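Heads up, the thing below is written out as structure tokens.
Convention: sequence-line order gives letters A, B, ...; per-chain numbering from 1. Note that these values count all heavy atoms, side chains included, but never hydrogens, waters or copies made by symmetry. Here the structure is a predicted model, which is why all the values come from computation and not from measurement.
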Amino acid sequence: MADVILPSGERIVVGDAGLLAALRERRATAAAVLLDGQVHDVRDPLPAVGEVRVVGLNDPAALDVLRHTASHVLAHAVTRLYPGVKLAIGPAIAEGFYYDFRFPDPINRDDLVRIEAEMAKIVEEDLPIERVWLPRAEAEALLAEKGEAYKLELLREIPDEKISFYRQGEFLDLCRGPHLPSTGLVQHVKLVDLAGAYWRGDAERDMLTRIYGTAFPTREALEEHLKWREEARKRDHRFLGPELDLFSIHNETVGAGLVLWHPKGAAIRHQIETFWKDEHYKAGYQLVVTPHIGRARLWETSGHLDFYREGMYSPMMVEGQEFYLKPMNCPFHIAIYKTRTRSYRDLPIRYAELGTVYRFERSGVLHGLLRVRGFTQDDAHIICRPDQIEDEVLACLDLTLRILGAFGFHDYKVALSVRDPEHTEHYIGSDAMWEQAEGSLVRALERKGLSYTRMPGEAVFYGPKIDLHVLDSLKRSWQLTTIQFDFNEPERFDMAYIGDDGQAHRPYMVHRALLGSLERFFGILIEHYGGAFPVWLAPVQAVVLPVTEAEIPYAEGVADELRRAGIRAEAWTRERKTLRWLIREAQLQKVPYMLVCGAREAAGGLVAVRLRTGEDLGPQPVGSMVAQVQEAVASRGLAL
RNA sequence: GCCCGUGUAGCUCAGUCGGCAGAGCACUUCCUUGGUAAGGAAGAGGCCGUCGGUUCGAUUCCGACCGCGGGCUCCA
């Protein structure tokens, strides 16, 4: 006998008759059962004592169950339409679900419409979903008879003797559940994409066809999600980049993964770099500049030729010496450190550089600005004494939050990557160093009030690290900042400082990049702002628009005045176009301020101000506009 | 690398069941002097991704290659 709380809040006691019967009696719709916070199948036996909560379709806890069932409806429809299809796996995922199939013949996007129609039928049929437990031998015989090789492989990895299947109508699938009680509950479902996927993600194994879909408890939620997808599509930086004349990539001529920054993109980059440099000087960093290539022996010493060779380009010969394009900046910074004997009084030393590096990426993974082959890291190396590391990490987090905040990123997720405790032999550095470094990272995070997820086994071999993910305006997560200890290179380069005991000591070194790379960060910024940059970043902050030819000299005078005040302004006087045309163009280019000059304004030293938002401020003295733009720049906000 | 899709003017895309290649935007010229999201007309612009095959003839059909887009475990 268990106490059951229904979605309505009603409490009932359920006996051996079972939960499903009791629910049917009360006409209650149940998606799943919550027991100690775990989602369970409504068909499972209830605990002898205690309390369970039945959750309805609308409960967030039921979303994965709904989607998992939706993936079964998909698989059901596919088996009806494509005899001979083989089933692989079909889990719920963050934004919906997918199911992997092996089709006898290739399908394409048009097939999704047919499949969706068949899914609608299955939902309409409102088939009860039953759970079936089979003994292992029977399960194996059944799957073998159906020729479900992938399922058989999965079965062999299940340790249990009783194997769980789910049946809806004529469709039966190996599955651990849980599932909804019937197919009729999957009302709001949509197939969104089609892609290839390796069986178990292994490039050596079969290529399957993956169908992606999403499902929600209500039509509104589904539509909202589809709108969100559409919004993300419109903000795609690969679309906005050329549209706004920010950058271009030329695979055939320049090379894949190599970015050309156009004047407007470069203007934004200039603002980012200037701000970044100012903040770094204020935070006690010293800027350095290092070359793009270095001799092979440098990369031998650093170890990159051992553990990072596949990411590096082939060497070039210069006067009989091998040189490599740099994939990282650290060896150069270390070389600067080593130009003289350092005292403990010199530490911490913080070398920062916007250093351009080149890394080999397979062509299939290149993606706009987000994954490229040549990029500029906002890199720095902090070299310090053991007693300084905690304060250094904390200062680093401070700087990170200050800089990211300026770009409108205020939501963070933090991952702390540490050693795999089972395999400490895979890592360089002593236990004491790892513990001290991890301790400093944890305490710095705590002092900063940042919650974090500890991830054992995620650290690289040379030290623990913090990775910071930000959420953009569409709530998408991007990994930007990384702060990582390096126990490897100080050793390999024999870095040292002289302590107060007169002896040489090994310093700690921390690598950190706050924005990651300027290319990738720029791509993220474009999508975050949808191309409508805040005034301080906007490549063109104001356009001056003459109404007729007569106002051209006045408009140019106004633009000059703005430029003298440090505002990026253009007078659009090159062509005789109607004001309507000029406004539309400025609007499409997402220029924050449109300053209209007609006869009335020219006579009075005024401009009629239209904002990017569509708001009309009416005629304003030029001087007050200058002040308003300067104010918006100083605030670094989106407000105009 | 692999699966599906895709490649035609600077851009976005039609089209040819094998017979001289099309539109809109952008560009050039002319007309228009226009007050808050496209004023009008004319012109110029093409190795129809590359290479090969079939054919009297290929941008179209076939093959290979190249480029681009989406995706390639969030495990029954």
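- Per the geometry, CG belonging to A:Asp193 stands 13 Å off P belonging to B:G5, to the nearest Å.
- Residues passing the side-chain hydrogen bond (donor to acceptor under 3.5 Å, both in side chains) test with A:Glu170, sequence neighbours excluded: A:His76, A:Arg80.
- Proximity of A:Leu154 to A:Leu174: side-chain heavy atoms (C-beta onward) are separated by under 4.5 Å at one or more points.
- Comparing the P positions of B:G19 and B:C48 gives a spacing of 15 Å, expressed to the nearest Å.
- Checked options A:Phe375, A:Phe247, A:Phe522; the residue passing with A:Trp261 is A:Phe522 (criterion: ring-ring contact (aromatic ring centres under 6.0 Å, His included)).
- In the set B:A37, B:A26, B:C72, the nucleotide with an atom closest to the side chain of A:Trp581 is B:A26.
- Rounded to a whole angstrom, the distance from the P atom of B:C25 to that of B:G67 is 34 Å.
- The existence of a salt bridge linking A:Arg371 and A:Glu361 is confirmed by a sub-4.0 Å separation between a basic side-chain nitrogen and an acidic carboxylate oxygen.
- For the pair A:Asp467 and A:Val414, the minimum side-chain heavy-atom distance is 4.5 Å or more.
- In this structure, A:Arg476 pairs ionically with A:Glu527, as a charged nitrogen and a carboxylate oxygen lie closer than 4.0 Å.
- Taking atom P on both B:U16 and B:C20, the two are 14 Å apart, rounded to the nearest angstrom.
- A salt bridge links A:Lys151 with A:Asp173: at least one charged nitrogen is closer than 4.0 Å to a carboxylate oxygen.
- Across the protein-nucleic acid pair, A:Asp100 atom CG and B:C75 atom P stand 13 Å apart, rounded to whole Å.
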Filtered N/O pairs between nucleotides 63-69 of chain B and protein, under 3.5 Å:
unit_1	atom_1	unit_2	atom_2	d
B:G67	O2'	A:Glu252	OE2	2.8
B:C68	OP1	A:Asn251	OD1	2.7
B:C68	OP1	A:Asn251	ND2	3.0
B:G69	O3'	A:Arg238	NH1	2.8

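- Nearest-nucleotide positions on RNA chain B place A:Glu243 closer to the 5' end than the other of A:His72 and A:Glu243.
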Base-pair map of RNA chain B as dot-bracket, where | denotes pairing with a different strand and pairs are Watson-Crick or G-U under 3.5 Å: (((((((..((((.....[..)))).(((((.......))))).....(((((..]....))))))))))))....
For nucleotides 42-48 of chain B, give me every protein contact, N/O to N/O, under 3.5 Å, one pair per line with atom names.
none

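- Closest contact between the side chain of A:Tyr98 and the listed nucleotides B:U73, B:A38, B:C4 involves B:U73.
- A:Tyr98 carries A:Arg210 over the face of its six-membered ring, with the cationic atom under 6.0 Å from the centre and within 45° of the normal.
- In the set B:U28, B:G71, B:A76, the nucleotide with an atom closest to the side chain of A:Met207 is B:G71.
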Pull out every protein N or O sitting under 3.5 Å from an N or O of nucleotides 30-36 of chain B, one pair per line with the distance.
unit_1	atom_1	unit_2	atom_2	d
B:U33	O2	A:Glu549	N	3.2
B:U33	N3	A:Glu549	OE1	2.8
B:U33	O4	A:Glu549	OE1	2.3
B:G34	N7	A:Val547	O	2.5
B:G34	O6	A:Glu549	N	2.8
B:G34	O6	A:Arg576	NE	3.2
B:G34	O6	A:Arg576	NH2	2.9
B:G35	O6	A:Ala599	N	3.1
B:G35	O6	A:Arg600	N	3.4
B:G35	N1	A:Glu601	OE1	2.7
B:G35	N1	A:Glu601	OE2	3.3
B:G35	N2	A:Glu601	OE1	3.4
B:G35	N2	A:Glu601	OE2	2.8
B:U36	O2'	A:Arg610	NH1	3.1

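- A salt bridge links A:Arg200 with A:Glu157; the closest basic N to acidic carboxylate O contact falls under 4.0 Å.
- Using P as the reference atom, B:C56 and B:G18 are 15 Å apart when rounded to the nearest Å.
- Side-chain atoms of A:Ile89 lie closest to B:A76 of the nucleotides B:C74, B:A76, B:A37.
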Residue pair A:Asp236, A:Arg238: steps toward the salt bridge (charged side-chain N to carboxylate O under 4.0 Å, His left out) verdict: CA-CA 5 Å; A:Asp236 191 326; A:Arg238 292 166 304 169; 2.5 Å; yes
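- Atom pair A:His250:NE2 and B:G10:P shows a separation of 14 Å (rounding to whole Å applied).
- Sorted by first and then second residue, the pairs that involve residues 602-612 of chain A and meet side chain to side chain donor-acceptor pair (under 3.5 Å), not counting sequence neighbours, are A:Gln587-A:Arg610.
- As rounded to the nearest Å, B:C11 and B:C68 have C1' atoms that lie 15 Å from one another.
- With salt bridges taken as basic N to acidic carboxylate O contacts below 4.0 Å, one links A:Glu231 and A:Arg235.
- Here the side chain of A:Gln587 is nearest to one of B:U73, B:A76, B:A37, namely B:A37.
- If you take atom C1' in B:G22 and the same atom in B:U60, they sit 15 Å apart, rounded to whole Å.
- Around atom CD of A:Glu224, no more than 12 heavy atoms belonging to other residues, nucleotides or ligands sit under 6.0 Å away.
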